[in-house]
Amino acid sequence: MRKIMPIISQCGEEMEWIIKKAFSDFDIDHSGYLERGELRLLFNLTSDRLAVERPDDWQVDYIISLIDNDYNSKVCVEELVENYRVVAQELFKNKKVRKNRSKDFFNEVANPDLLREKDPVIVN
């Protein structure tokens, strides 16, 4: 498991610090919550890091429903710290490893539809 998903095997204060840092980086509007758009960006980057297919809209909504403990359709830092393993496990379920990556990584993150227009090589 450690070789496959190092993000899941890490724990402790260092991992909590990393998650809190990521939370503050992705909280674009500084609301203290990650809303759907911010979470989609986080999930897309995490998927790229795990080398799995990016989540569809329904998967983003499903993951939010799993980690949103107070059912307000947004995620606070405590919910993310508590449930980061759930996020990684759900994203990893896609198991579609993208072999080729675009050289324009940041354009793909900002415009995920561009990735779908290309014909990436998918391995099941």
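Separating the OG1 atom in T46 from the OH atom in Y84 is a distance of 12.5 Å, to the nearest 0.5 Å. Atom NZ of K20 is separated from atom CD of E78 by 7.0 Å, given to the nearest 0.5 angstrom. Taking CZ of R40 as the reference point, atom CD of E35 lies at 15.0 Å (rounded to 0.5 Å). Expressed to the nearest 0.5 Å, how far CG of L41 lies from CG of L45 amounts to 5.0 Å. A distance of 8.5 Å separates CG of N83 from CG of L66, quoted to the nearest 0.5 Å. Considering OG of S47 and CG of L42, their distance stands at 9.0 Å, rounded to 0.5 Å.
Side chains of V87 and I67 form a contact here, defined as non-hydrogen atoms less than 4.5 Å apart. Between V52 and K93 the shortest side-chain heavy-atom distance does not fall below 4.5 Å. By the 4.5 Å heavy-atom criterion applied to side chains, R54 and N94 are not counted as neighbours.
Within a 6.0 Å sphere centred on OH of Y33, other residues, nucleotides and ligands contribute 12 heavy atoms or fewer.
With D56 contributing its side chain and W58 its backbone, the two residues share no donor-acceptor pair below 3.5 Å. A donor-acceptor pair under 3.5 Å is absent between the side-chain atoms of E82 and the main chain of E79, judged by distance alone. With D68 contributing its side chain and Y71 its backbone, the two residues share a donor-acceptor pair below 3.5 Å. Between the side chain of D27 and the backbone N or O of G32 there is at least one donor-acceptor pair closer than 3.5 Å.
Closest heavy-atom contact between L34 and L39: O-CD1, 3.4 Å. Nearest heavy atom pair, residue F43 against residue P55, reads CB-CG, 3.9 Å. Among all heavy-atom pairs drawn from L50 and A88, the shortest one is CD1-O, 4.0 Å.
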Trace of the side chain to side chain contact (heavy atoms under 4.5 Å, CB included) decision for D61 with R36: CA-CA 8 Å; D61 293 335; R36 189 177 190 284; 2.7 Å; yes

